[in-house]
Amino acid sequence: MHCGQFTQVTGGSSRLVLYNEECPGQPVRTGYVIPIANESLQTGTSKNQRSVITGKRGAGKPFRGLPSPSGQVAMGASSPHMGLIFRAMCGTTAATKETPLALSAGAVKDNKDGTVTLAAENSPFVPGDLISVYGTTNYDGTYVLAKGSGADALVFTAPFVAETPSDAHATRGRACDIRGDAVDRGDGKVALPLLPGGSEIWLPQDLASGVPHVFRPGDSVTISGTTNYDGEHVIDSVGAAEIVITAAYTAETFDAGLAVPVFYRHEWQLPKRQPTQTWEKFFDFDEDAASSPYRRYSYCKVNGISFDAGGDGEFLLTIDVASGGETGSSSALDADPVELPQVFIDKPDLSLFINGVRRGDVATASFSASFGITPQNAIGDRLQYTRMPEGDPEVSLSMSAYLESDALQDIADADTTVPVRIYGAGLEGDAFAVDMPECVLDTPGAAISGKEGLMQDVTAMAFVDKGESVLGFTLINRIAEYA
């Protein structure tokens, strides 16, 4: 009931939910809430004035034209939710579970600049990744990898102490020591007490609130160094200094236990035929103020993705959506949609690789991919679009680089085909990459624009020749699959 006046709906109390479709226009009943900054999914105006003569002064009743349901979704760059968008663009993919990296038995190297190097072999980690090292005498802890890290080396900031590790490992994310007594919580639940594993990057709020672990209910965790609880478990619940798992309780005091988060690597390529989705908006009207508070856009395809890197501001992904039609509803497709944890990757976490080399001379960059999807209507389709053919993608990365060398100019002049990768690694271990396997660089050259430092505009233009796809995505997080 309302008391004379309805309350204006606010964006903060509204939401946007994404559903995958089994067949075009037939959504599954499991929805996912998307963390949006704003969205513009709308039908657009489609009514037109009549031009026929009626014998009266004024046009006849307007007629309906074809609507144009489409728009954009600006969403936060949250790792679990990025997987939903990549899946919406490219379909399902099999995830690969990451395993800890056994470090080579070589002496730790002092780089004389406040960093050290641990020898590795076939390391999957790159500069910017968050890793935990364990099994050493002096270097157990959590670090952000520095420049120089690669397939055969892990470089990070730490005081040098001479050591030759013999059975050390590195894993993605923040590992935590298990110290203290196991606690029987009943109903087959056991609490394991956690201590920090050591870190150079813990935030002040982490330290103020206790142990800075980042485990969440539903995460998989690998336990080692215990007598009774070793193995992989799914976390049932968490506390400020503990994780709770499902296990048969056996009394034990831990002095060398370790909890390591389990990460999964997901890889997609832009396919020839993209899958379809349904997007559902909810407006939080007062009771009795609306008969259709849900607006549903079905038979949709992701028609593009773009974002800016470098500079200031929040890191947002802009998703272009093409839709077959819009309808209203009094109820949601899913009354309790899934709300995945929000694990954001920010602009300072981004890196740019051109031809396998991490660039340190690019100030800002703007990535844009448009997929050329054009909704089409046939006679008898009424006011719906029933065809959504894919066009050729247009993919590019526009960069503004500091003029420090002529390396980019040389690549452009030689018309060399090079791979370009945008990589982001967050402070919980999550990471993503956007890959353009085949690119040529284009630049107008640098101009002496004044006395200040000079810049050069460079564009990476993606194409497909030797490869299978013009665009690929990689996501590493703690989500086991995107069905």
Side-chain angles (χ1 to χ4, degrees), residues 30 32 79-80 83 94-103 130-137 140-142 165-199 202 206-207 209-266 336 338-343 428-430 476-483:
T30 300
Y32 295 87
S79 165
T96 302
K97 183 187 297 184
E98 291 204 335
T99 56
L101 173 69
L103 300 183
L130 181 92
I131 66 161
S132 291
V133 175
Y134 58 93
T136 71
T137 302
D140 284 12
T142 301
S166 60
D167 188 25
H169 291 78
T171 188
R172 190 179 299 276
R174 299 192 194 183
C176 281
D177 296 317
I178 303 174
R179 299 290 187 271
D181 297 326
V183 178
D184 185 4
R185 291 295 172 81
D187 296 324
K189 308 296 181 185
V190 179
L192 307 180
L194 298 179
L195 288 176
S199 173
W202 289 347
D206 291 331
L207 298 176
S209 61
V211 177
H213 76 79
V214 291
F215 294 113
R216 295 183 177 86
D219 284 354
S220 292
V221 60
T222 299
I223 305 297
S224 62
T226 72
T227 302
N228 301 289
Y229 300 100
D230 281 9
E232 186 173 315
H233 302 268
V234 176
I235 297 175
D236 183 73
S237 61
V238 300
E242 67 177 20
I243 56 175
V244 178
I245 62 173
T246 299
Y249 172 73
T250 302
E252 182 177 350
T253 299
F254 307 110
D255 58 7
L258 189 69
V260 174
V262 176
F263 282 83
Y264 300 88
R265 178 181 292 264
H266 312 266
D336 188 23
V338 178
E339 296 195 45
L340 296 176
Q342 296 184 5
V343 184
E428 292 189 18
D430 297 51
I476 304 170
N477 61 18
R478 284 167 280 174
I479 305 297
E481 65 175 353
Y482 290 94

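Because only heavy atoms are used, hydrogens play no part in the values below, and waters and symmetry mates are left out as well, while side chains stay in.
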Inset, instruction - Give, for atom CG of L192 and atom CZ of F215, the distance between the pair rounded to the nearest 0.5 Å. - result: 10.0 Å
Inset, instruction - Look up atom OH in Y229 and atom CD1 in I178, then write down how far apart they are to the nearest 0.5 Å. - result: 10.5 Å
Inset, instruction - State whether the side chain of R179 and the backbone N or O of D255 hold a donor-acceptor pair below 3.5 Å, judged by distance alone. - result: yes
Inset, instruction - Locate the shortest heavy-atom distance separating L258 from A175; write the atom from each residue and the value. - result: CD1-CB, 4.2 Å
Inset, instruction - Would you mind reporting whether C176 and L194 have side-chain heavy atoms less than 4.5 Å apart? - result: yes
Legend entry - Heavy-atom side-chain contact between V221 and P261 under 4.5 Å: no
Legend entry - CA sep, side-chain torsions, deciding dist, call: N477, V343, side chain to side chain contact (heavy atoms under 4.5 Å, CB included): CA-CA 9 Å; N477 61 18; V343 184; over 6 Å; no
Legend entry - Minimum side-chain heavy-atom gap R478-V214 below 4.5 Å: yes
Inset, instruction - Dump the intermediate steps for side chain to side chain contact (heavy atoms under 4.5 Å, CB included) on L130 and T142, then the final yes or no. - result: CA-CA 7 Å; L130 181 92; T142 301; 3.7 Å; yes
Inset, instruction - Using the six-membered ring wherever Trp is involved, compare the ring planes of Y134 and H169 and label them parallel, tilted or perpendicular (cut-offs 30° and 60°). - result: parallel
Legend entry - Atom pair OG1/CG of T171 and L101 - distance to nearest 0.5 Å: 9.0 Å
Legend entry - Distance (rounded to the nearest 0.5 Å) between I223 CD1 and I245 CD1: 6.0 Å
Inset, instruction - Return the minimal non-hydrogen interatomic distance between G173 and F263, and the atom names on each side. - result: CA-CE1, 3.9 Å
Inset, instruction - List the atom of H266, the atom of I479, and the distance in Å for their closest heavy-atom pair. - result: NE2-O, 2.8 Å
Legend entry - Residues that E98 engages under salt bridge (Lys or Arg N to Asp or Glu O under 4.0 Å), provided they are two or more places apart: R172, R265
Legend entry - Student check: side-chain heavy atoms of T246 and K189 closer than 4.5 Å: yes
Legend entry - For E232, all residues meeting salt bridge (Lys or Arg N to Asp or Glu O under 4.0 Å), sequence neighbours excluded: K97
Legend entry - Shortest non-hydrogen contact from T250 toward A182: O-CB, 4.3 Å
Inset, instruction - Would you sort out whether F254 and T227 count as a side chain to side chain contact (heavy atoms under 4.5 Å, CB included), showing the intermediate values? - result: CA-CA 9 Å; F254 307 110; T227 302; over 6 Å; no
Legend entry - Euclidean distance, I235 CD1 relative to I243 CD1, rounded to 0.5 Å: 4.5 Å
Legend entry - Nearest non-hydrogen partners of A191 and E242, listed with the distance: CB-OE1, 3.6 Å
Legend entry - Spatial distance of atom CG (D219) from atom CG (D236) [nearest 0.5 Å]: 12.0 Å
Inset, instruction - Kindly give the heavy-atom pair with the smallest separation between S237 and P217, and that separation in Å. - result: CA-CG, 4.1 Å
Legend entry - Test item: H233 side-chain N/O and A247 main-chain N/O as donor-acceptor pair under 3.5 Å: no
